[in-house]
Each structure stands twice: as structure tokens, then as C-alpha cells.
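This one's a predicted model, so the numbers in the text were calculated from it and none came from an experiment. For ligands, and for the atoms within them, numbers begin at 1 and follow the listed sequence. Scope of the values below: all heavy atoms of this structure, side chains included, with no hydrogens, waters or symmetry mates.
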Amino acid sequence: MTTDNYELETLAVRAGTHRSQFGEHSEAMFLTSSFVSGSAAEAAAKFIAADPGYIYSRFTNPTVTMFEERLAALEGAEQCVATASGMSAILATCMGLLKAGDHVIASRSLFGATINLFNNYLRKFGIEVTFVSGTDVREWESAVQGNTKLFFLETPSNPLTEISDIAAIAALAKSCQDRPLLAVDNCFCSPILQKPLELGADIVIHSATKYLDGQGRVLGGAVLGSKELMAPVFGFLRTAGPTLSPFNAWVILKGMETLKLRMEAHSANALAIAQWLEQQPAVARVLYPGLPSHPQHKLAMLQQKTGGGIVAFEVKGGKDAAWRVIDNTKLLSITANLGDTKTTITHPATTTHARIAPAARAAAGITDSLIRIGVGLEAVSDIQADLARGLS
Ligand SMILES: *Cc1c(COP(=O)(O)O)cnc(C)c1O
């Protein structure tokens with residue numbers, strides 16, 4: 001299917017679908033580790049071909065290809081390579097595109113495992129990383145060195161929903177002599193709310209575990225960009241093996257069909273919850289990009305279609321008060337996951353960000369009073385009632 005002129009909701013349902021000889025209407029799940037050839041000559045030809053078709057599911061698999069083509073259509077990318085998880089998407093990007101002696105500039109407000117990957121593993125292989133404020137382009141500019149090869153950011157950030165100006169940071173990358181690449185982790189928005197490639201990014205990264213699947217069933221990830229950039233990323237994946245399983249690809253494909261509906265519903269619920277939280281006397285501060293009180297509300301509304309589904313808020317009374325809110329919920333799930341139909345609630349300081357040194361955590365603005373909710377698709381009134389118990 002040519003994808004050029006279709007709207008996002010059409011692409012979410014239709015893009016990437018390939019039918020087998022049986023003419024099945026929905027996407028088939030190809031649970032096979034390898035593919036047979038008709039003859040020795042055909043097998044030999046496949047192994048040296050530029051576009052070899054299907055050989056082995058560590059390389060490619062038809063169900064995985066359907067997922068890749070659908071996500072590529074949604075993000076407006078030339079190519080997508082699927083990975084086993086969001087973290088393996090970030091690893092594959094670094095392994096494919098960086099080498100010892102290279103320098104990375106990354107936003108300080110990144111997913112915890114991404115920070116650990118950069119600090120504990122990239123450094124071990126001689127790749128230097130400088131962390132800067134995601135919201136201050138001047139810090140990115142002053143951190144640039146002759147060997148800077150990659151800019152890496154996530155927006156809105158986790159858990160504070162800070163907004164990085166993708167277009168401004170992309171313009172900076174393009175103005176540098178040795179042209180670093182800009183990679184954006186688009187997990188919080190999905191292509192329904194934000195299209196980083198259109199804003200000038202070179203690479204988009206996804207944890208498909210979150211909104212793309214959207215129902216908390218499987219892990220998956222993806223890296224998207226030009227064919228030229230994706231070739232070494234795919235080369236690493238095919239060799240090292242953190243590729244997406246066809247079963248997970250099938251589950252995520254099915255999830256993506258409702259992506260637009262879900263993102264709209266998550267956003268509407270999150271806005272209603274954020275507005276309500278702002279009125280609660282026990283709440284000190286609400287951070288939600290869709291609220292006019294958010295420090296970067298204007299930029300967020302230029303860059304994203306809505307504020308998204310993640311709300312962070314601080315309660316009055318520190319850790320005890322925050323834990324009281326969490327422990328008084330009966331409906332919400334106490335789990336660090338997000339991007340699920342079921343609302344999740346977490347205390348970042350003692351869970352997702354517990355391994356970060358207290359000083360670094362404080363510098364990142366993650367206080368003991370902070371709670372993050374991944375707003376799901378339950379009725380707003382039920383979510384409010386569940387939170388109200390611990391806030392009263
Ligand atoms: C969850 C998450 C990841 C990691 O994804 P996994 O699928 O858990 O490996 C990366 N970035 C962000 C923003 C995330 O929320």
C-alpha cells in the first residue's frame with residue numbers, strides 16, 4: 001500500500017499489511033524460526049542478495065516486517081527496524097552508529113535505564129557522554145565537541161514532563177561542523193501526537209511496550225530513520241540478536257490499530273485529572289504539558305497535538321504523604337509501567353529513580369513528594385475517587 005496520502009488513523013489500521021497466498025484479512029502471525037529455500041542455488045542466492053527476503057527470524061520475519069512498515073508509515077520514516085524492547089532500540093542505535101572515541105550529548109531527563117546504559121556501558125567502550133538540561137538549548141551548544149556524534153533526548157521527559165524543543169536542537173545539530181545526529185525517544189507521545197522527523201530529528205526511537213501496544217501485554221521497540229542510517233543499526237541487530245519476536249510484533253500490530261483513539265482518550269482523561277488535581281488543597285504542584293501552568297505549555301502545544309497521558313504531581317508532606325496517596329488506591333495499579341489502558345501510579349524517587357544518587361535526583365527535580373500517573377482509559381470519576389481517598 002502506498003502510504004503518502006492517508007491520514008494517521010488510516011495508516012494505523014492499514015499500513016504494512018501484507019497477505020499470504022491464503023488471502024487472510026488480518027495480519028498473520030508467522031511463528032517460525034527459519035524459512036526454507038526451494039534449492040541449494042536459491043539458498044545461496046539469498047545469502048548474498050541485497051534484499052534477501054526471509055532466511056531466519058533473527059534477521060527478518062514477515063509479521064515483524066508488517067509492524068515495521070506500519071510504524072514507519074506513522075512516523076513518516078524511510079525505514080523502521082524493530083527491536084526486542086525499547087532499551088534494545090537505544091542500544092542498537094548506539095552500537096550501530098557510534099564507535100570508541102565518540103561523544104554523546106544527552107538530556108539529563110531521560111528514562112533511568114537509558115542513563116545507566118550511557119553511564120555504565122557506553123563509557124566502558126570509550127564513548128563519552130555529557131548530560132545537559134533538556135530544556136536549555138544553550139547548554140547543548142556549549143557541550144558540543146569536535147567528536148560529538150549524537151544528540152539524544154526524550155520529550156516530554158519522565159517523570160517531570162519537561163519539554164525539549166526538538167526543532168531548535170535539530171537546528172543546532174545541523175549547524176555543527178561535524179553534524180551530530182539527533183535521536184528522539186518518542187515513547188510518551190507516539191506518532192499520533194508528535195512527529196520528531198518532521199521537526200528535524202534524524203532518528204526516532206520507541207519503546208513499543210508502552211502506547212504502541214497500549215495494553216501492557218508485551219515488550220518491543222523500534223528505531224526509525226533514513227535507509228542509510230538504519231543499515232548499520234539493522235546490521236548490529238541481525239548479528240547480535242535483540243530483534244522483535246513475531247508473536248510480540250503481532251500483538252503490537254493489533255494494538256496500533258486503536259492508537260489514535262487511545263491517544264486521544266488518554267490525553268482527554270489526563271487533562272481532566274490534571275485540572276482536578278490542581279484544585280486539590282493537598283496537592284502542591286501539578287506538571288502536565290496540557291495545563292497553562294506548565295512552564296513550557298506553549299512549546300508543548302506547538303510540538304505535540306495534546307498534553308499526552310502522563311501527569312506528575314507533588315503532594316504536600318513529602319514521602320509519607322505521597323505513599324499515603326499510593327497506598328489508598330484500590331483501582332489504580334502500583335507499577336512503574338505506563339502507556340496502558342489501566343491507570344498506573346508510581347513514586348519515582350523510590351522506584352524508577354531510586355538507583356540515581358540523591359544529589360543527582362534532586363538536581364533532576366525528582367522530589368520525595370512527586371507522584372507520576374500514567375492515566376488510563378477508566379472513567380475519570382473513578383480515577384479521581386481513587387486518588388481522592390489518599391489526598392483527603
Ligand atoms: C519504557 C521506556 C523505555 C524502555 O523501553 P523497554 O521497552 O522497557 O525496554 C525507553 N524510553 C522511555 C521513555 C520509556 O518510557
Side-chain angles (χ1 to χ4, degrees), residues 64 67 71 75 80-95 104 106-122 131 134 150 152-164 166 183-191 193-194 196 201 203-224 233 237 240-245 247-249 251-252 255-256 263 266 270 287 289 304 308-312 333 335-340 342 344-346 348 351-353 355-356 364 366 372-376:
V64 174
F67 161 74
L71 187 56
E75 286 285 5
C80 169
V81 287
T83 60
S85 65
M87 287 319 301
S88 49
I90 299 171
L91 175 68
T93 303
C94 296
M95 296 300 277
V104 177
S107 163
R108 214 171 274 132
S109 310
L110 290 180
F111 186 65
T114 310
I115 295 177
N116 287 343
L117 176 72
F118 287 178
N119 273 336
N120 302 340
Y121 297 96
L122 288 195
F131 290 97
L150 182 70
F152 193 100
L153 64 86
E154 198 181 299
T155 180
S157 74
N158 181 19
L160 293 174
T161 73
E162 286 173 349
I163 308 293
S164 296
I166 298 175
V184 175
D185 182 334
N186 200 24
C187 172
F188 270 34
C189 276
S190 90
L193 303 186
Q194 175 171 276
I203 295 163
V204 174
I205 287 172
H206 273 286
S207 167
T209 315
K210 311 294 169 51
Y211 289 108
L212 297 183
D213 168 35
Q215 292 161 74
R217 297 299 194 275
V218 297
L219 275 88
V223 188
L224 301 102
V233 175
L237 281 164
T243 37
L244 184 63
S245 90
F247 176 79
N248 288 14
V251 173
I252 301 166
M256 283 165 78
M263 291 316 293
H266 281 294
L287 288 162
Q304 317 173 187
I310 312 297
V311 178
S333 311
T335 174
N337 198 27
L338 57 90
D340 196 300
K342 301 176 175 77
T344 61
I345 187 164
T346 190
T351 59
T352 49
H353 293 69
R355 285 163 189 269
I356 298 169
I366 298 158
R372 185 199 74 193
I373 38 183
V375 179

> Does the pair Ile205 and Ile203 meet the rule for a side-chain contact (heavy atoms from CB on, under 4.5 Å), with working shown?
Replying inline: CA-CA 7 Å; Ile205 287 172; Ile203 295 163; 4.1 Å; yes
> Knowing that exactly one of Thr161, Val311, Leu160, Leu338 qualifies, which makes a side-chain contact (heavy atoms from CB on, under 4.5 Å) with Arg372?
Replying inline: Leu338
> Near ligand 1, which protein residues have a heavy atom under 4.0 Å away?
Replying inline: Ser85, Gly86, Met87, Phe111, Glu154, Asp185, Cys187, Phe188, Ser207, Thr209, Lys210, Gly220
>> side-chain contact (heavy atoms from CB on, under 4.5 Å) for Phe188 and Gln304? Distances and angles first, verdict last.
In response: CA-CA 11 Å; Phe188 270 34; Gln304 317 173 187; over 6 Å; no
> Taking only residues two or more places apart in sequence, or in another chain, which ones meet Cys187 in a side chain to side chain contact (heavy atoms under 4.5 Å, CB included)?
Replying inline: Asp185, Ser207, Lys210
> What pairs with Ala249 under side chain to side chain contact (heavy atoms under 4.5 Å, CB included), at least two apart in sequence or on another chain?
Replying inline: Thr63, Val64, Phe67, Leu244
>> My understanding is that only residues two or more places apart in sequence, or in another chain, count here; which of them pass side chain to side chain donor-acceptor pair (under 3.5 Å) with Thr93?
In response: none
